[in-house]
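Heads up, the thing below is written out as structure tokens.
Whatever order the structure lists them in is the order used to number ligands and atoms, beginning at 1.
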Amino acid sequence: SGFPSRLRNGLSKLGIPHDILEALFNWTGANEGYPKIPEAKGAVNAIRSEAFFLPLYELYLTYGGIFRLTFGPKSFLIVSDPSMAKHILKDNSKGYSKGILAEILEFVMGKGLIPADGEIWRVRRRAIVPALHQKYVAAMIDLFGKATDRLCKKLDTAASEGEDAEMESLFSRLTLDVIGKAVFNYDFDSLTNDTGIVEAVYTVLREAEDRSVAPIPVWEIPIWKDISPRLKKVNAALKLINDTLDDLIAICKRMVDEEELQFHEEYMNEQDPSILHFLLASGDDVSSKQLRDDLMTMLIAGHETSAAVLTWTFYLLSKEPAVLSKLQDEVDSILGDRFPTIGDMKKLKYTARVINESLRLYPQPPVLIRRSLEDDVLGKYPIKRGEDIFISVWNLHHSPHIWDDADKFNPERWPLDGPNPNETNQDYCYLPFGGGPRKCVGDMFATFENIVAVAMLVRQFNFQMALGAPQVEMTTGATIHTTNGLRMTVTRRIKPPIMPVLKEDASVGSSFNGDT
Ligand code: HEM
């Protein structure tokens with residue numbers, strides 16, 4: 001504080017615009033009392049590379065928990081400090097919007113829950129959170145099991161025919177099937193079906209990802225919109241998805257109208273336990289455009305993220321056979337041959353730790369995007385209104401200042417008798433589902449979906465990188481993808497037979513068993 005800042009506050013109260021004050025005080029040097037945010041110079045090209053969060057990690061090691069990255073007229077603040085992340089996401093969350101993210105995703109998510117800000121967000125969040133109540137998630141376990149079982153059958157065929165499996169695309173299909181059914185009771189059946197609506201979903205997803213990394217927003221150029229074959233295809237896909245969603249909403253409305261059931265907190269229709277059904281039955285007063293935006297948002301949020309988590313989990317497991325066999329031991333002893341139940345979710349502790357650790361090494365998404373709505377202070381640095389901010393979860397999760405052996409896949413770092421790690425008990429060093437009021441609404445859903453899938457798959461199969469498989473490298477859209485897929489050799493597990501006593505050990509064995 002001191003005289004300059006009191007003078008500045010006084011002038012500001014007199015109504016002198018912010019920009020003018022800024023110029024004035026920069027000129028008088030009155031801002032010099034504040035530390036200046038480090039600027040990452042000459043790093044402009046770095047961000048162009050494929051997985052853009054990797055050069056940001058190098059810059060973090062050089063410049064620290066907050067630095068500015070400038071290219072051309074644009075500049076970003078990169079935040080990799082847990083207490084600053086906590087400030088932005090939780091303590092002063094009202095001071096930040098989704099900024100660029102909302103702009104990029106508008107064409108597909110509209111004003112859905114992820115991009116929405118302000119009053120729309122508040123209202124929609126209050127409507128949607130109850131739809132994911134405990135009883136709903138419990139009812140989903142069966143759905144997760146059935147969908148995973150379909151994948152198991154497919155892998156079983158591949159195993160017997162000696163064919164490798166491209167696991168990344170299979171996981172994407174598994175989680176699309178799950179989320180379609182869970183959110184609006186639609187069976188994509190994408191594990192067997194590849195055309196029409198499934199293709200449309202992938203067209204739109206690819207477009208969203210391309211836009212989020214595109215240097216120039218060509219889709220905003222008026223004539224381009226009408227002549228680009230690619231944009232035409234995207235628009236056709238969007239129309240197909242929207243029409244399908246409208247149909248599903250109409251069907252569900254009719255079901256709800258015919259229902260006798262009274263709505264209450266844990267309301268659920270057994271034939272259709274979907275989120276859509278809950279929202280309609282709750283009498284949620286919402287336009288069908290908004291409802292569609294929210295369904296689409298959940299479809300994308302719940303599909304891509306879980307697929308990426310499974311992909312990287314299996315990649316990590318293929319590199320650590322000891323972890324895989326420990327995991328298989330747990331699953332054998334707890335599940336045996338059954339389908340998983342809600343009761344198993346608490347018992348499959350090591351399985352959960354494997355997924356926690358996978359989410360640490362490969363956070364989905366690797367950065368959270370915000371824009372400051374007012375002037376604020378991050379740590380010791382004042383920042384202005386309108387700053388675009390990337391919170392690098394990747395950097396937090398890989399920081400050598402926070403983690404021992406940060407790059408090692410070590411599920412044992414999370415003790416089995418300890419709490420399930422989350423942003424609160426890890427003090428914003430670990431943000432698998434974000435934090436604060438905008439934390440993921442699907443965290444429990446996703447955790448159980450992943451536990452069921454991992455447990456059922458490793459119970460039945462061993463997974464290894466296929467011979468001659470392409471090198472696994474990262475690229476980004478909204479989540480971390482591989483550049484060339486995850487090609488694995490899947491073999492049926494042979495349950496460990498009762499070991500026959502070896503000749504050399506025969507005497508030991510017989511003396512214990514009393515055999516002759
Ligand atoms: C938000 C991660 C699965 C729905 C978020 C955020 C993260 C995240 C980090 C915060 C974004 C931010 O602050 O900018 C994940 C991961 C998942 C997953 C890693 C899977 C492993 C799901 C599922 C659903 C879902 C299955 C839907 C059923 C949402 C929604 C939001 C969100 C609607 C926005 C919440 C809001 O802004 O109020 N997710 N998510 N997510 N997620 Fe998830």
Numbered atoms of ligand 1 (with element) below 4.0 Å of Val309, judged on heavy atoms: 21 (C)
Nearest-contact summary for atom 36 (C) of ligand 1 - protein heavy atom, Å: Arg125 NH1, 3.3 Å
Proximity winner for atom 2 (C) of ligand 1, if only heavy atoms of Lys98, Gln364, Met298 are counted: Gln364
Separation of Asp177 CG from Leu143 CG (nearest 0.5 Å): 9.0 Å
Distance from atom 33 (C) of ligand 1 to nearest protein heavy atom, with residue and atom: Val441 CG2, 3.5 Å
Leu316 vs Tyr362, side chain to side chain contact (heavy atoms under 4.5 Å, CB included): CA-CA, chis, key distance, verdict: CA-CA 10 Å; Leu316 289 166; Tyr362 296 93; 3.9 Å; yes
Side chain to side chain contact (heavy atoms under 4.5 Å, CB included) between Glu166 and Leu170, worked out: CA-CA 6 Å; Glu166 208 290 90; Leu170 290 172; 5.7 Å; no
Atoms of ligand 1, numbered as shown, that sit under 4.0 Å from any heavy atom of Gly434: 9 (C)
Distance-minimising heavy-atom pair for Ser392 and Ile78: CB-CG2, 4.5 Å
Identity and distance of the protein heavy atom lying nearest atom 40 (N) of ligand 1: Cys440 SG, 3.1 Å
Trp121 N/O under 3.5 Å from ligand 1 N/O: yes
Where ligand 1 meets Ser306 - atom numbers and elements under 4.0 angstrom, heavy-atom basis: 20 (C), 21 (C)
Short N or O distance, Glu449 and ligand 1, threshold 3.5 Å exclusive: no
Region of Leu113 that comes within reach of ligand 1 [heavy atoms, distance under 4.0 Å]: both
Shortest non-hydrogen contact from His303 toward Thr175: O-OG1, 3.0 Å
Trace of the side chain to side chain contact (heavy atoms under 4.5 Å, CB included) decision for Glu103 with Arg371: CA-CA 11 Å; Glu103 289 160 15; Arg371 180 177 291 153; 3.0 Å; yes
Arg370 near ligand 1 by a heavy-atom separation under 4.0 Å: yes
Interatomic distance, Ile383 atom CD1 to Ser372 atom OG [nearest 0.5 angstrom]: 4.0 Å
Which segment of Asn450 sits under 4.0 Å of ligand 1 when only heavy atoms are counted: side chain
Full working for side chain to side chain contact (heavy atoms under 4.5 Å, CB included) between Leu317 and Phe463: CA-CA 8 Å; Leu317 287 172; Phe463 294 84; over 6 Å; no
Side chain, backbone, both or neither: the part of Pro432 lying under 4.0 Å from ligand 1 by heavy atom: backbone
Glu330 side-chain N/O to Lys349 backbone N/O, donor-acceptor pair under 3.5 Å: yes
Ring centre gap for Trp414 and Tyr430 strictly below 6.0 Å: yes
Taking atom 23 (C) of ligand 1 as the reference point, the nearest protein heavy atom with its distance: Gly302 CA, 3.4 Å
Protein heavy-atom partner closest to atom 31 (C) of ligand 1 - residue, atom, separation in Å: Ile114 CG1, 3.5 Å
For the student: nearest non-hydrogen atoms of Ser358 and Trp312, plus distance: OG-C, 4.1 Å
Candidate with minimal heavy-atom separation from atom 17 (C) of ligand 1, of Val183, Thr305, Ile369, Ile179: Thr305
Ligand 1 atoms in contact with Ala446 (distance to a heavy atom under 4.0 Å): 3 (C), 20 (C), 21 (C)
4.0 Å heavy-atom contact, Thr297 with ligand 1: no
Identity and separation of the nearest protein heavy atom to atom 11 (C) of ligand 1: Leu368 CD2, 3.8 Å
Shortest protein contact, atom 16 (C) of ligand 1 (heavy atom only): Phe433 CE2, 3.5 Å
Ligand 1 contact on Arg438 by region, counting heavy-atom pairs under 4.0 Å: both
Which segment of Phe445 sits under 4.0 Å of ligand 1 when only heavy atoms are counted: side chain
Distance-only donor-acceptor check, side chains Asp294 and Gln290, under 3.5 Å: yes
Residue Glu266 excluded, over 12 heavy atoms near CD under 6.0 Å: yes
Validation row, ring centre Tyr60 to ring centre His398 under 6.0 Å: no
His303 heavy atom under 4.0 Å from ligand 1: no
